[in-house]
Amino acid sequence: MASAGIAKPSFNFVGSSGLRVSNLCLGAMTFGESTLGVPGQCDEHLSHQIMDRYVELGGNFIDTANVYGQAGISEKYVGSWMAKRQNRNDVVISTKVRFPVDPNNENGRGLSRRHILQAVEESLQRLQTDYIDIYYIHCWDQGTRIEETLRTLDDLVRSGKVRYVGASSVTGWQLQKIVEECRRLGLNPWICLQAQYSLLCRSTEFELTDVCRNEGLGLLPWSPLKGGWLTGKVGCSVKPPEGSRLAYVEANPERRSTGAWPSYKEFAKDEQVLQLLDIMEKIGKEIGKTMSQIAIRWLLQKDTVSSVVIGAKTLQQLDDNMGASGWELTQQQMDELDEASKVEPPYPYEIITKMGKDRKRENSCR
Ligand SMILES: NC(=O)c1ccc[n+]([C@@H]2O[C@H](COP(=O)([O-])OP(=O)(O)OC[C@H]3O[C@@H](n4cnc5c(N)ncnc54)[C@H](OP(=O)(O)O)[C@@H]3O)[C@@H](O)[C@H]2O)c1
């Protein structure tokens with residue numbers, strides 16, 4: 001046990017790479033004043049406390065991005081924490097490039113050679129380190145040829161400034177294209193995908209999980225609690241608590257997204273969501289686990305997942321979420337959760353799923 005009855009996380013390789021990370025990764029999107037004006041984000045002191053506690057509980061993997069918080073403040077807090085309180089080599093740090101930190105700089109966005117090389121230097125400076133363990137493209141860039149992006153990131157790996165490369169928020173064909181182009185050009189293969197994946201976001205299973213499985217990429221789900229929806233603190237008639245992210249989105253509907261910033265009202269009238277929450281609560285009561293732990297545990301037991309990227313705004317939330325490690329849902333409970341959260345696949349996935357069953361191979365298609 002790591003502390004107060006919380007089991008230590010286990011360690012996994014990221015995909016088929018040799019990099020070992022704890023199965024729970026601490027997301028740093030809640031660190032620092034947000035560009036979106038979200039209330040209650042962690043100040044530097046609390047961010048440091050959360051990272052201290054995470055490491056004390058056995059975690060070794062922190063995820064940030066150059067655009068988390070105003071002017072890269074999340075990276076700065078991770079950097080000041082590492083400089084003051086942490087041996088750099090004991091932690092694995094991931095960060096991202098694609099979106100603008102300075103919206104006025106015409107070349108300060110996208111995945112061009114020019115922007116990536118500028119952004120990586122700025123991230124290294126804010127993180128107070130000379131290497132990034134995993135450098136992600138934060139999203140596909142339709143304005144830059146993929147070969148330019150791939151070659152630039154490969155140069156960074158060869159220079160040692162970046163150890164490994166990963167993708168985030170891409171489609172199935174884009175991820176496969178990255179894999180194939182790296183192969184064709186003889187570049188270092190990318191090792192992982194960070195994608196939204198949860199009991200309330202299963203479209204990731206339409207294609208991305210197959211690419212990860214077939215190509216040896218580790219999957220790192222983000223927003224495992226769907227921004228707070230899978231914690232049990234909201235329901236049909238239970239409105240989001242004041243100061244919470246969900247309450248913020250309700251008050252600022254223009255901030256709503258299908259990702260980390262879901263609408264309260266939309267889900268509150270969705271019968272399937274409410275039934276899913278009931279089932280999570282029932283299972284939680286049976287085995288003495290919280291709903292957040294059930295939601296994270298369900299992800300941990302999916303075969304392609306290397307580490308789940310958790311978010312926390314308080315030490316209590318962190319402890320709760322870290323409690324998803326060290327025990328297992330039974331196959332029956334997994335099946336129940338799968339069934340309750342299943343989505344009807346749109347065309348062409350519907351036909352492929354139905355007609356493909358008689359021709360399914362259990363192992364890799366290669
Ligand atoms: N690659 C990408 O594009 C991308 C996008 C989004 C996130 N991410 C990564 O994924 C990480 C996690 O994403 P996320 O913050 O959206 O995750 P999430 O787990 O879906 O939501 C976290 C939020 O839920 C609430 N919460 C968390 N634990 C709780 C608990 N045990 N009980 C009650 N409420 C709880 C907190 O908000 P309130 O207290 O305000 O309710 C917290 O800020 C981020 O930090 C980031 O590193 C990546």
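As the structure lists them, so they are numbered: ligands from 1, and atoms in each ligand from 1. Remember, it's a predicted structure, so these values are computed and weren't measured experimentally.
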**OP:** Out of Y248, W229, W261, W222, indicate the one that has the non-hydrogen atom closest to atom 10 (O) of ligand 1.
**Re:** W222
Subject >> Residue, atom name and distance, where the atom is the protein heavy atom closest to atom 12 (C) of ligand 1 >> reply: V309 O, 3.5 Å
Original post:
Where do K265 and D270 land on the salt bridge (charged side-chain N to carboxylate O under 4.0 Å, His left out) test, with the steps shown first?
Top reply: CA-CA 9 Å; K265 281 197 199 88; D270 184 326; over 6 Å; no
Original post:
To which protein heavy atom is atom 16 (O) of ligand 1 closest, and what is the distance rounded to 0.1 Å?
Top reply: S223 OG, 2.6 Å
Original post:
Quick one: does NZ or CZ of R163 land under 6.0 Å from the six-membered ring centre of Y131, within 45 degrees of the ring axis?
Top reply: yes
**OP:** Classify the contact between K233 and ligand 1 as side chain, backbone, both or neither, using a heavy-atom distance cut-off of under 4.0 Å.
**Re:** side chain
**OP:** Evaluate the criterion side chain to side chain donor-acceptor pair (under 3.5 Å) for residue pair Q118 and E122; output intermediate values, then yes/no.
**Re:** CA-CA 6 Å; Q118 177 196 329; E122 290 169 356; 3.1 Å; yes
Subject >> Distance filter under 4.0 Å to G227 heavy atoms, resulting ligand 1 atoms >> reply: 18 (P), 20 (O), 21 (O), 24 (O)
Original post:
Parallel, tilted or perpendicular for F206 and Y349, by the 30°/60° rule?
Top reply: parallel
Original post:
Which ligand 1 atoms does T30 reach within 4.0 Å, using its non-hydrogen atoms?
Top reply: 43 (O)
**OP:** Start with the C-alpha distance between Q125 and E121, add both sets of side-chain angles, then the distance that settles side chain to side chain donor-acceptor pair (under 3.5 Å), and finish with yes or no.
**Re:** CA-CA 6 Å; Q125 217 170 40; E121 293 301 336; over 6 Å; no
Subject >> Residue S168 vicinity, atoms of ligand 1 by number, heavy atom under 4.0 Å >> reply: 1 (N), 2 (C), 3 (O)
Original post:
What residue and atom, counting heavy atoms only, is the protein's closest point to atom 28 (N) of ligand 1, and at what distance?
Top reply: N321 ND2, 3.0 Å
Original post:
Do D338 and K302 have side chains that get closer than 4.5 Å, going by heavy atoms?
Top reply: yes
Original post:
Counting from 1, what ligand 1 atoms have a heavy atom of M29 closer than 4.0 Å?
Top reply: 6 (C), 7 (C), 15 (O), 16 (O), 44 (C), 45 (O), 46 (C)
Original post:
Any idea which protein heavy atom is nearest atom 27 (C) of ligand 1, and the distance to it?
Top reply: G311 O, 3.3 Å
**OP:** Step by step, work out the side chain to side chain donor-acceptor pair (under 3.5 Å) result for D141 and T144.
**Re:** CA-CA 6 Å; D141 173 14; T144 305; 2.5 Å; yes
Original post:
Any idea which part of A28 is under 4.0 Å from ligand 1, heavy-atom wise: side chain, backbone, both or neither?
Top reply: backbone
Subject >> K96 heavy atom under 4.0 Å from ligand 1 >> reply: yes
Subject >> Atoms of ligand 1 close to K226 [distance to a heavy atom under 4.0 angstrom, numbered from 1] >> reply: 20 (O)
**OP:** Using side chain to side chain donor-acceptor pair (under 3.5 Å) as the criterion, point out the one residue from R126, H138, E75 that pairs with T95.
**Re:** E75
Original post:
Taking heavy atoms and a distance under 4.0 Å, where does D63 meet ligand 1: side chain, backbone, both or neither?
Top reply: both
**OP:** Determine whether the side chain, the backbone, both or neither of T64 has a heavy atom under 4.0 Å from any heavy atom of ligand 1.
**Re:** neither
Original post:
By number and element, which atoms of ligand 1 are closer than 4.0 Å to a non-hydrogen atom of L225?
Top reply: 18 (P), 19 (O), 20 (O), 27 (C), 28 (N), 29 (C)
Subject >> For atom 22 (C) of ligand 1, closest protein heavy-atom neighbour >> reply: R245 NH2, 3.6 Å
**OP:** Applying side chain to side chain donor-acceptor pair (under 3.5 Å), run through S263 and R256 and close with a yes or a no.
**Re:** CA-CA 6 Å; S263 147; R256 181 199 161 275; 4.8 Å; no
Original post:
Looking at atom 36 (C) of ligand 1, what's its closest protein heavy atom, distance included?
Top reply: Q317 OE1, 3.3 Å
Subject >> Which of the ligand 1 atoms, numbered from 1, are nearer than 4.0 Å to a heavy atom of A260 >> reply: 16 (O)
**OP:** Look at atom 46 (C) of ligand 1 and say which protein heavy atom is nearest, naming residue and atom and giving the distance to 0.1 Å.
**Re:** Y68 OH, 3.4 Å
**OP:** Treating Ile, Leu, Val, Met, Phe, Trp and Tyr as nodes and any side-chain heavy-atom pair under 4.5 angstrom as an edge, say whether L117 and Y164 lie in one connected cluster.
**Re:** yes
Original post:
Is a side-chain donor or acceptor of S325 paired with a backbone partner of M322 at a separation under 3.5 angstrom?
Top reply: no
**OP:** Kindly work out whether a path of hydrophobic side-chain contacts (I/L/V/M/F/W/Y, heavy atoms less than 4.5 Å apart) joins M334 to I287.
**Re:** yes
Original post:
So W229 and Y264, would you call those rings parallel, tilted or perpendicular, with 30° and 60° as cut-offs?
Top reply: parallel
**OP:** Find all atoms of ligand 1 within a distance of less than 4.0 Å from any non-hydrogen atom belonging to S292, and give their numbers and elements.
**Re:** 30 (C), 31 (N), 32 (N)
